[in-house]
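Scope of the values below: all heavy atoms of this structure, side chains included, with no hydrogens, waters or symmetry mates. In what follows, every chain begins at residue 1, and chains take the letters A, B, ... in the order their sequences are listed.
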Amino acid sequence: MLDPKFIRSNPDVVMTGLSNRGAEIAPVENFLSVDEEWRKLTTRLDQLKARRNDASVKIAGLKQKKEDASVILSEMKGLSDEIKSLEDEQKNFEHQIEEIMLSIPNIPHVSVPNGKNCRDNLQVRMWGEKRKFDFTPLPHDELGKKLDILDFDRAAKISGSRFVVYKGLGAALERALISFMLDLHIKENGYTEVMTPAMVLPESMRGTGQLPKFEEELFRCRDDELYLIPTAEVPVTNLHREEILPKESLPIKYAAWTPCFRREAGSYGKDVKGIIRQHQFNKVELVKFVEPEKSYDELEKLTADAELVLKKLNLPYRVMQLCAGDLGFSAAKTYDIEVWFPSENQYREISSCSNFESFQARRAGIRYRPAKDAKPEFVHTLNGSGLAVGRCFAAILENYQTKEGKLEIPEVLRRYL
RNA sequence: GGAAGGGUGGCCGAGUGGCUUAAGGCGCUCGCUUGGAAAGCGUGUGUACCGAAAGGUACCGUGGGUUCAAAUCCCACCCCUUCCGCCA
């Protein structure tokens with residue numbers, strides 16, 4: 001959610017930012033007019049209430065002295081009715097404003113390049129050497145089947161399409177990756193591990209921006225008001241919903257492994273082979289709560305923390321900066337990390353690291369006190385995959401396969417297997 | 001699932017519809033005191049919104065209702081605790 005005061009005083013900045021990312025500007029105009037009405041009404045209503053409060057004191061005084069209060073009483077009856085009907089109107093405006101505000105995406109940071117879609121993203125850097133194969137590398141799913149460590153058929157039998165069963169060494173490798181990533185972030189990068197529920201209330205989804213706009217992306221329980229999380233970003237960011245954090249506690253850095261659940265509505269026919277796009281997958285997520293002035297430095301560090309996983313695994317990757325048109329709803333700036341898939345001869349996203357500035361914090365009410373006696377301010381939140389485990393598994397299969405159709409285990413993972 | 005009891009400022013905890021501007025305590029702030037501290041005394045101590053300001057308004061789990069007036073009365077819902085039942 002954007003700052004209403006900022007929209008009021010800088011409508012042109014907001015509209016430019018939104019157009020740059022290809023979003024509608026109508027909601028902003030809509031907000032400005034409803035907000036105007038709301039303020040007029042609120043001022044009037046507050047005055048009427050002030051009168052009512054005065055009268056209340058007088059009535060109490062008269063009753064105390066056993067004097068007649070019927071005149072002022074009947075006056076107040078009318079006033080009270082007026083207040084009630086104006087309050088209904090006010091509530092109506094407030095609901096409208098809330099709905100509008102929740103539908104407006106974040107505006108891109110000044111450093112974000114313009115562009116329409118992923119083709120306009122900028123390569124920031126590249127790391128690692130692509131291995132020269134003296135044979136044709138197999139796609140990860142074929143190798144996985146051959147090694148009997150991935151079972152797509154039985155997964156389809158028990159759960160339908162876009163699921164996979166990890167078997168034997170496959171299950172162990174997935175588990176090893178999770179442990180390796182968590183250990184790295186906890187011991188070397190200074191994050192605190194948390195293990196959270198994978199089901200959350202609608203308020204939590206609203207806090208991070210998945211609701212109300214992207215409900216079709218989520219799995220929802222039929223009989224309970226609960227959603228399966230599409231990313232650990234949701235429960236972890238919401239850990240501090242409606243809190244005022246002590247300044248000394250910042251930056252707060254969490255690392256969490258969770259399963260993630262996505263309906264993938266609208267991506268029929270996309271990445272149907274392999275484990276790239278599943279309804280359920282494992283992810284180690286990094287989440288930070290930081291002071292506003294430091295959030296862009298923290299974004300660079302966060303991205304570096306995620307990159308370190310790939311460096312240690314010796315997997316070639318590149319870092320892309322998303323253009324305005326490719327930014328997610330809540331993000332102000334995002335780096336995607338893409339890992340090399342030799343069988344496809346292309347890089348594929350394995351991590352997305354974003355600064356949300358105060359967008360999520362405002363929705364979720366996450367604040368801190370900049371100084372003693374100062375008013376609370378919204379923190380900046382950031383998160384990034386560190387990394388998507390399934391995609392990392394696939395990248396290892398592809399990059400570490402041998403001519404004989406076997407798999408070499410990356411050095412850093414051996415102690416976990 | 002059944003029964004009972006509860007949700008009030010950072011915490012504890014009062015609160016017969018109107019001198020409630022939410023008592024009192026703890027904690028914390030600043031000051032007095034002191035060689036320094038403790039104790040003691042005093043002072044301050046929530047959040048949000050509107051407003052240039054003065055000031056005003058709202059908030060006692062949530063949402064409705066009654067009333068001139070609700071933390072207080074009524075209704076519904078949510079959550080927590082304890083006990084019973086069932087179950088890993």
Side-chain angles (χ1 to χ4, degrees), chain A residues 1-10 31-102 195-207 211 220-221 223-227 235 238-250 252 358-379:
Chain A
M1 195 152 72
L2 301 175
D3 181 356
K5 286 180 191 153
F6 184 80
I7 302 182
R8 264 180 223 147
S9 46
N10 308 279
F31 164 78
L32 289 171
S33 76
V34 179
D35 179 62
E36 176 84 39
E37 297 289 312
W38 173 80
R39 273 187 296 164
K40 270 191 222 157
L41 181 64
T42 299
T43 305
R44 167 120 183 272
L45 201 43
D46 283 356
Q47 288 165 354
L48 296 180
K49 283 180 180 173
R51 265 177 60 198
R52 181 177 69 182
N53 290 344
D54 283 349
S56 264
V57 175
K58 278 185 199 137
I59 292 168
L62 290 174
K63 295 237 171 181
Q64 198 82 26
K65 287 181 266 174
K66 311 259 186 219
E67 287 174 25
D68 177 47
S70 58
V71 178
I72 190 163
L73 231 50
S74 63
E75 252 176 66
M76 284 307 108
K77 174 74 180 156
L79 180 67
S80 201
D81 288 344
E82 190 183 358
I83 287 175
K84 205 162 285 182
S85 83
L86 290 181
E87 271 179 338
D88 286 346
E89 234 179 288
Q90 185 193 38
K91 233 170 257 175
N92 184 23
F93 282 139
E94 283 168 357
H95 287 143
Q96 281 183 54
I97 289 171
E98 196 195 354
E99 202 177 315
I100 296 166
M101 291 300 284
L102 287 176
M195 209 180 278
T196 66
M199 302 172 85
V200 300
L201 295 166
E203 296 94 284
S204 297
M205 289 292 187
R206 208 175 311 121
L211 287 179
R220 190 182 55 218
C221 296
D223 295 325
D224 299 281
E225 270 289 303
L226 287 169
Y227 293 85
N238 279 282
L239 278 176
H240 295 299
R241 176 149 49 88
E242 305 299 335
E243 289 185 19
I244 299 175
L245 302 164
K247 187 184 178 180
E248 316 82 70
S249 69
L250 303 179
I252 296 174
S358 59
F359 189 86
Q360 294 181 327
R362 183 168 282 108
R363 285 176 164 242
I366 309 168
R367 295 174 291 173
Y368 81 110
R369 208 177 290 281
K372 257 199 173 67
D373 305 323
K375 282 185 57 167
E377 278 178 26
F378 292 108
V379 299

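- Here A/A50 lies in heavy-atom contact (under 4.0 Å) with sugar-phosphate atoms only.
- Here A/R44 lies out of heavy-atom contact (under 4.0 Å) with every strand.
- For residues 83-102 of chain A, the pairs satisfying salt bridge (charged side-chain N to carboxylate O under 4.0 Å, His left out) are A/K49-A/E87, with sequence neighbours left out.
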Restricting to nitrogen or oxygen on both sides, can you table the protein-nucleotides 50-52 of chain B pairs closer than 3.5 Å?
| from | atom 1 | to | atom 2 | distance (Å) |
| --- | --- | --- | --- | --- |
| B/C50 | OP1 | A/R8 | NH1 | 2.8 |
| B/C50 | OP1 | A/R8 | NH2 | 2.8 |
| B/C50 | O2' | A/T43 | OG1 | 3.2 |
| B/G51 | OP1 | A/R39 | NH1 | 3.0 |

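- Taking a pair as Watson-Crick or G-U wobble with both distances under 3.5 Å, RNA chain B forms stems of 3 or more consecutive pairs at B:1-7 with B:78-84, B:10-12 with B:24-26, B:30-32 with B:40-42, B:46-50 with B:55-59, B:61-65 with B:73-77.
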Would you list the protein and nucleotides 59-67 of chain B atom pairs, both N or O, that sit under 3.5 Å from each other?
| from | atom 1 | to | atom 2 | distance (Å) |
| --- | --- | --- | --- | --- |
| B/G64 | OP1 | A/K91 | NZ | 3.2 |

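- Here A/Y368 pairs with nothing under the ring pair (Phe, Tyr, Trp, His ring centres under 6.0 Å) rule; sequence neighbours left out.
- Annotation: B/C11 and B/G17 have their C1' atoms spaced 29 Å apart (nearest Å).
- Atom P of nucleotide B/C68 and atom CG of A/L48 are separated by 17 Å, given to the nearest angstrom.
- Rounded to whole Å, the distance from CG on A/N53 to C1' on B/A69 is 9 Å.
- Side-chain N or O atoms of A/R52 include none that pairs as donor or acceptor with a backbone N or O of A/M76 at under 3.5 Å.
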- Query: If the sugar-phosphate is the primed atoms plus P, OP1 and OP2 and the base is the rest, what is the B/S/- string for nucleotides 70-79 of chain B, using protein heavy atoms under 4.0 Å?
  - Reply: ----------

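- You'll find that the side chain of A/R369 is closest to B/G46, out of B/A58, B/G46, B/C49.
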